[in-house]
Amino acid sequence: MVAKLPEEEHPIRAFGWAARDESGVLSPFTFSRRATGEKDVCFKVLYCGMCHSDLHMVKNEWGSSTYPLVPGHEIVGVVTEVGSKVQKFKVGDKVGVGCMVGSCHSCHNCTNNLENYCPEMILTYSAKYHDGTTTYGGYSDIMVVDEHFIIRIPDTLPLDATAPLLCAGITVYSPLRYYGLDKPGMHVGVVGLGGLGHMAVKFAKAMGLNVTVISTSPSKKQEAIEHLGADSFLVSRDQDQMKAAMGTMDGIIDTVSAMHLLMPLIGLLKTNGKLVLVGAPEKPLELPAFSLLMGRKMVGGSAIGGMKETQEMIDFAAKHNITADIEVIPMKYVNTAMERILKADVRYRFVIDIGNTISSAH
């Protein structure tokens, strides 16, 4: 009898919730995952965070969606099977997957642990894998992923509240590190207090920074200072408050995805200050050159992080007991949750209890 090669093995039957068209309505969907290859990790999905980009993707608002589309890139679970050449993981390990499941492994970015900037980076869902198949995300019961793109979750972290760190967490951790805004005593502003913003406050405080939350909503002041531990709060529409804070910040992490003015934010920066955009407004923002010239200021951007840095971020979170503030929901609530995300009606991340509710949501 001839032994079967891994690629000849039967694919794995999976169940999830998918959008079938640009209406964005999610419904039950049965599909196939590839069989666990020699370098693959197969894991049972227990929780999946709902990112704002999931909402954009199910409605094809960025023009890149392919249907049926199973969203989800803040995925955590427990390993059920590993390939013969997997070295870092074993059955029973707690693991996570973020925004990507593949890259070329050979370009300049990949060889410098920046797989997230690889031109051939493969997104966790609605993309094409190396074998030409479509990738499906974490609103599903099982994942099969190359071990290189698997993150180990420390036992001290609760899986449900850790899931959002795999996108929201790394998206703010990476620019704080890269732009040197991680030195104790520095003054950093965080614009917007949503899924990304609340994580930025937590990581910045753990790094020993003086943190000011900048928001259009005065009602968020108590939450920012008393619950999240920010040092101060600025209402961006209050001219007097903004004027008083001019030239006081070493850097600003701007998490806002809606259209907004950059000039008042640049004004808050010290000489050599850095404004880093991690939100992605749909239309171009106006960038007044004069405000940059007067003070040698910088506007930069940042998107998630490579696999090495993502693991570093998770380990830092475990050391400092950092998790997301979440609302756990059953699978069948997902369409209502999407509507609430659209209204910004969540503090601060929905997490789907896949393990306990996906089978009952058929």
Side-chain angles (χ1 to χ4, degrees), residues 17 19 24-26 45-59 61-62 69-76 96 98-99 124-125 137-139 157-173 190-203 213-230 233 253-258 260 278-282 304 317 322-358 361:
W17 277 48
V25 176
L26 294 154
V45 179
L46 296 180
Y47 296 97
C48 185
M50 294 181 69
C51 178
H52 204 281
S53 58
D54 296 345
L55 179 63
H56 290 299
M57 287 296 291
V58 297
K59 296 187 174 185
E61 290 175 352
W62 291 334
L69 185 152
V70 178
H73 59 208
E74 298 179 342
I75 314 161
V76 292
C99 302
T124 302
Y125 66 84
Y139 294 19
L157 287 173
L159 288 181
D160 53 359
T162 297
L165 271 59
L166 294 161
C167 173
I170 186 60
T171 297
V172 294
Y173 179 90
V190 174
V191 188
L193 198 61
L196 293 175
H198 94 287
M199 293 307 317
V201 174
K202 291 187 179 192
F203 276 112
V213 169
I214 305 160
S215 174
T216 56
S217 308
S219 59
K220 291 186 176 179
K221 180 175 181 176
Q222 185 177 358
E223 172 79 5
I225 293 175
E226 293 182 15
H227 176 63
L228 294 172
F233 187 89
I253 303 295
D254 184 350
T255 73
V256 176
S257 292
H260 60 293
V278 296
E282 291 172 22
I304 59 170
I322 296 172
T323 54
D325 287 16
I326 60 170
E327 181 177 330
V328 179
I329 61 167
M331 189 74 240
K332 63 186 178 184
Y333 188 76
V334 70
N335 288 306
T336 305
M338 284 284 187
E339 293 171 12
R340 286 179 57 191
I341 290 172
L342 189 60
K343 300 172 189 168
D345 176 26
V346 56
R347 286 185 48 227
Y348 285 95
R349 214 42 154 208
F350 286 117
V351 173
I352 309 166
D353 183 351
I354 303 283
N356 289 316
T357 70
I358 196 165

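Counting from 1, the numbers follow the sequence of the chain as shown. Worth knowing before you read on, the calculation uses all heavy atoms, side chains too, and leaves out hydrogens, waters and symmetry mates. Please read all numbers here as calculations on a predicted model, not as lab measurements.
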Check your understanding: How would you list, by chain and number, every residue that makes a side-chain hydrogen bond (donor to acceptor under 3.5 Å, both in side chains) with Y47, sequence neighbours excluded?
Key -> none
Point to revise | Partner residues of E327 under the side-chain hydrogen bond (donor to acceptor under 3.5 Å, both in side chains) criterion, sequence neighbours left out | key: R340
Taking [Y]'s backbone N and O only, do any of them form a donor-acceptor pair with [X]'s side chain (distance below 3.5 Å, no angle check)?
X	Y	answer
H198	G195	yes
T255	V191	yes
T124	G98	yes
N335	V25	no
K202	A324	no
S217	S219	no

Review point. According to the interplanar angle, ranging from 0 to 90°, do the rings of F203 and Y173 count as parallel (below 30°), tilted (30 to 60°) or perpendicular (above 60°)?
Key: perpendicular
Exercise for review: Output all residues satisfying salt bridge (charged side-chain N to carboxylate O under 4.0 Å, His left out) with D160, sequence neighbours left out; order by chain, then residue number.
Suggested key: none
To the nearest 0.5 Å, how far apart are [atom1] in [X] and [atom2] in [Y]?
X	Y	atom1	atom2	answer
L159	I75	CG	CD1	13.0 Å
I352	E74	CD1	CD	10.0 Å
T323	M199	OG1	CE	7.0 Å
F350	D54	CZ	CG	12.5 Å
I214	L193	CD1	CG	11.5 Å

Exercise for review: I would like to know whether I358 and V45 meet side-chain contact (heavy atoms from CB on, under 4.5 Å); could you show each step before the answer?
Suggested key: CA-CA 10 Å; I358 196 165; V45 179; over 6 Å; no
